[in-house]
Amino acid sequence: MSNAATLGAMRDLPSRLLLGPGPSNAHPRVLQAMAQPLLGHLDPAFLELMDEAQDGLRTLYGTSNAFTLPLSATGSAGMEACLCNLLEPGDDVVVGIAGVFGGRMAEVATRIGARVTRVEAEWGTALEPAAMAEAIGSVRPKVVAFVHAETSTGVLQPVDEIAARARAEGALVVLDCVTSLGGLPVELDAKGIDAAYSGTQKCLSCPPGLSPVSFSERALECVRSRARPVQSWYLDVSLLAGYYGGERVYHHTAPISAIYGLVEGLRVALEEGLPARTARHVAAQTALLERLAPLGFEPLVEPAHRLPPLTTLRLPAAVRDRGEAAVRRALLDEHGIEVGGGLGKLAGDVWRVGLMGENARLESVERLVSALESVLG
Ligand SMILES: *Cc1c(COP(=O)(O)O)cnc(C)c1O
């Protein structure tokens, strides 16, 4: 196919309002930035942008960690990076699991050869800080890992108590911030988090493909004192530090266009400011629940643990009778709106409606509600 034909076909792609668990719609300024001509990854003009991206990520993460960077891969690679640098075969790790992504952390840690203690909570509920504390006290692990914003269930996990207990026992704390960074305060330094990872396609309104990660000095010290090298060459933080630290020596080719997009996405987020952005996510979820209640949708999660960027909803009979997947398909085909089905244990039972980043607006809620009214008759 010629270039012109390819671009023509791309122009015919449908336009979607992405209200699932991610990706969310990218901000138009982000897409525009990504269409700019390439620079080399060692070009001073590009390195200035990389500095800006790293600074912006520090601000959103609430950290002064020097090692804060956009990893060239999706959120799951950020998870692998945090765990494979901090854990060696035989090390103990306590993982809090109350959904798919906590489970994925345990799986990654198991593959590393770590001894994994799983602390489970029912899906749709929050981790019990007391149960985490008990496991931490008895195992005395090297690492405690859990998810801040569990996208499979719509639960915001209690970070403070768990992180404080882990630190008191001398453990490093790893936090999954994929669905919190850019939508909610994360505050790594204030909460004592040693390593965190996120993804650009959720509350940052950028395309998928980058995973912002941050390591504290304590975490880097732990990597330096490893008995053997990190198994993954690509994700080894001591090698990544060569490019993303001050030296800017080649490790792998930074994904230039994706970084343009991230820089613009961070500018958009920081112009708005995190408090306003957080408030916007909370207001959008409140409106969503209010507007969907008359249609029979009920929130799965207790108010105290609801995650504003991602709402899990129990389905009314009108949706179940027709087949929930068929209703979602009609929303997509007839109204260009994507919402997520349940994941894992919750498949078929709930919908997951993401109001993330740019999409956390009353307009998105109104579009979804009127489309649902029309589909359900
Ligand atoms: C989306 C998500 C991930 C995985 O990110 P990918 O970009 O899909 O690899 C990990 N954790 C949570 C909480 C997520 O929502």
Side-chain angles (χ1 to χ4, degrees), residues 18-26 57 61 69-84 95-109 111 121 123-127 145-159 162 173-184 186 188 193 195-214 232 234-235 255 258 261-262 265 281 285 300-301 305-312 338-347 350-357 359-360:
L18 299 174
L19 302 185
S24 64
N25 292 91
L57 290 175
Y61 262 134
L69 58 88
L71 201 66
S72 315
T74 72
S76 303
M79 181 190 292
E80 296 250 19
C82 289
L83 295 172
C84 80
V95 183
I97 304 173
V100 166
F101 295 105
R104 188 174 294 181
M105 285 178 132
E107 171 66 19
V108 169
R111 288 181 182 217
W123 288 33
T125 71
L127 293 169
F146 62 107
V147 179
H148 188 199
E150 182 47 84
T151 323
S152 62
T153 62
V155 169
L156 186 61
Q157 303 288 1
V159 174
I162 298 171
V173 185
V174 172
L175 191 65
D176 175 319
C177 300
V178 176
T179 299
S180 50
L181 188 72
L184 303 170
V186 174
L188 297 187
I193 308 302
Y197 60 90
S198 187
T200 41
Q201 78 272 32
K202 305 209 180 176
C203 298
L204 285 173
S205 293
C206 294
L210 293 174
S211 177
V213 298
S214 187
S232 168
Y234 192 72
L235 299 176
L262 175 62
H281 281 81
Q285 182 181 52
L300 174 77
V301 178
H305 300 299
R306 278 180 205 151
L307 171 62
L310 192 285
T311 305
T312 37
E338 178 179 283
V339 299
L343 192 59
K345 286 184 203 173
L346 294 172
V350 299
W351 278 0
R352 293 180 299 151
V353 177
L355 294 168
M356 298 180 182
N359 289 345

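Read the numbers this way: they start at 1 and go in the same order the structure lists the ligands and their atoms. Heads up: numbering here begins at 1 and tracks the sequence. Model, not experiment: these values are computed from the prediction.
Exactly one residue among R352, R306, Q285 makes a side-chain hydrogen bond (donor to acceptor under 3.5 Å, both in side chains) with T311. That residue is Q285.
Residues T153 and T312 bring no donor and acceptor atom of their side chains to less than 3.5 Å of each other.
Across all non-hydrogen atoms, the minimal contact from S211 to G78 is OG-CA, 3.3 Å. Here the shortest heavy-atom pairing between S152 and V100 reads OG-N, 2.9 Å. In plain terms, the two heavy atoms of F146 and Q157 that are nearest each other are CD1-CB, 4.4 Å.
Applying the side-chain hydrogen bond (donor to acceptor under 3.5 Å, both in side chains) rule to R104 yields the partners S76; only residues at least two apart in sequence or on another chain are considered.
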Check ligand 1 for N or O atoms under 3.5 Å from a protein N or O and list each pair with its distance.
from, atom 1, to, atom 2, distance (Å)
ligand 1, 7 (O), G75, N, 3.0
ligand 1, 7 (O), Q201, NE2, 2.8
ligand 1, 9 (O), T74, OG1, 2.7
ligand 1, 9 (O), G75, N, 3.4
ligand 1, 9 (O), S76, N, 2.8
ligand 1, 9 (O), S76, OG, 2.6
ligand 1, 11 (N), D176, OD2, 2.7
ligand 1, 15 (O), T151, OG1, 2.4
ligand 1, 15 (O), T179, OG1, 3.1
ligand 1, 15 (O), K202, NZ, 2.7

